[in-house]
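Okay, structure first, notes after.
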Amino acid sequence: MGMKCIGVDIGGTTVKIGLFETTGELLEKWEVKTRQEEGGIHILPDVAASIREKAMELGLDLKTDFTGAGMGVPGPVLPNGYVEVCVNLGWRDVNPQEELSALLDGMPVKSGNDANVAALGEMWQGGGRGYSDLIMITLGTGVGGGVIIDQKIIAGKHGLGGEIGHVHVRDEEWEHCNCGGVGCVEQVGSATGIAREARRRMAAASEPSLMRSFGDDITAKDVLDAAKEGDALALEVMETVGRYLGLALASASMIVDPEVFVIGGGVSKAGQFLIDIIQKHYEYFTPISQNKAKLVLATLGNDAGIYGAARLVL
Ligand SMILES: [Zn+2]
């Protein structure tokens, strides 16, 4: 029986936990509820109890059968594991990796920001498999990112590494981003951003569009579905979205020159259609060379976090 490792992905409503072979095979995955009350003090004890229970059930010994446990945290994590604040969990001034290690009889525990960790997961067993240098962009409610160079997360000195969602790309923007900035990638490339762009475009134009039947409740998926059917206004929206995402990728390419960009998150369910739109603009902004990062789709979905967390301890 080979050594095992554990991947923990802590989210605001549930904690996902995966048990892996160190070769990368996912053996079991399960979830526990995230108890945010009392400043989130129950979260790690709940996780530890659940891991203990699973280990016992499978006849595994915490001390001898595991290389360790990795953990993705929804906020900035300093290199020593320190978390100043994690608004989604109620955490403030904690070191969750030290705490979880103590709760698991001293098992080695490493942690990282959840978006960075997801990028590592996609490198290990997902769309970026076989590559050592990649950038992942997660197009969800917001836009997350992770930079992996030489198989290592580039978290930065202040935990800001990979925050591609908050790169400024759009000077004409007037509304503020959640980060306080204006014109961030997230404001136009997230699911929320795409829907907002669609509402703006519908209000500014009078032409008929498939998007109009959804009114103000339109979602990014509705926009992408309409664009795929050739709807002119939806295609205009996606051209705007693709332009700014392409610009962000081009800038990233000129700074770290990864082998591949892995595009994930709910919006990426639109598949190759979305990749092609972003790629077109990315090419426009990178005429300097034909030898550069390609764009691929993420393949692990919501499991990227547990894969990447487990990979942290290998
Ligand atoms: Zn921002």
Side-chain angles (χ1 to χ4, degrees), residues 10-12 72-78 83-92 112-119 122 134-148 153-201 216 218-221 223-224 237-256 258 261-268 270 274 277-278 281-282 285 295 298 304-305:
I10 303 189
V73 174
V77 180
L78 294 190
V83 172
E84 187 186 352
V85 62
C86 203
V87 283
N88 290 338
L89 307 177
W91 287 354
R92 195 170 276 280
N113 166 265
D114 56 359
N116 291 341
V117 166
E122 287 288 341
L134 66 84
I135 294 181
M136 183 175 183
I137 320 274
T138 305
L139 308 174
T141 311
V143 172
V147 179
I148 309 288
I153 292 172
I154 305 296
K157 291 293 178 197
H158 317 89
L160 294 175
E163 284 289 356
I164 291 158
H166 301 289
V167 169
H168 173 89
V169 284
R170 194 178 197 182
D171 282 344
E172 301 78 21
E173 182 57 62
W174 62 93
E175 286 180 42
H176 280 263
C177 177
N178 289 327
C179 74
V182 185
C184 293
V185 171
E186 177 166 301
Q187 287 182 280
V188 65
S190 63
T192 329
I194 294 170
R196 189 186 63 158
E197 193 63 29
R199 289 193 298 272
R200 283 181 175 177
R201 200 57 69 95
D216 280 351
I218 193 160
T219 65
K221 182 179 185 300
V223 178
L224 277 150
V237 171
M238 288 316 301
E239 281 297 309
T240 303
V241 171
R243 174 181 173 84
Y244 290 116
L245 285 171
L247 174 56
L249 298 196
S251 307
S253 228
M254 292 306 109
I255 296 169
V256 295
F261 288 101
V262 180
I263 315 290
V267 174
S268 73
L274 174 74
I277 295 173
I278 302 171
H281 293 278
Y282 169 68
F285 289 119
L295 277 61

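Start at 1 and go down the list; that is how both ligands and their atoms are numbered.
Counting non-hydrogen atoms of neighbouring residues, nucleotides and ligands closer than 6.0 angstrom, the CD atom of E84 reaches no more than 12 such neighbours.
Excluding water, every protein N/O/S atom under 2.8 Å from the Zn ion (ligand 1) is given here by residue and atom: H166 ND1, C177 SG, C179 SG, C184 SG.
For E175, the salt bridge (charged side-chain N to carboxylate O under 4.0 Å, His left out) partners at least two apart in sequence or on another chain are R196, R200. Residues that satisfy the side-chain contact (heavy atoms from CB on, under 4.5 Å) test with T219, not counting sequence neighbours, are K221, D222. Residues satisfying the salt bridge (charged side-chain N to carboxylate O under 4.0 Å, His left out) test with R92, not counting sequence neighbours, are none.
To the nearest 0.5 angstrom, I135 atom CD1 is 10.0 Å from I148 atom CD1.
The nearest pair of heavy atoms linking F285 to G246 is CD1-C, 4.0 Å.
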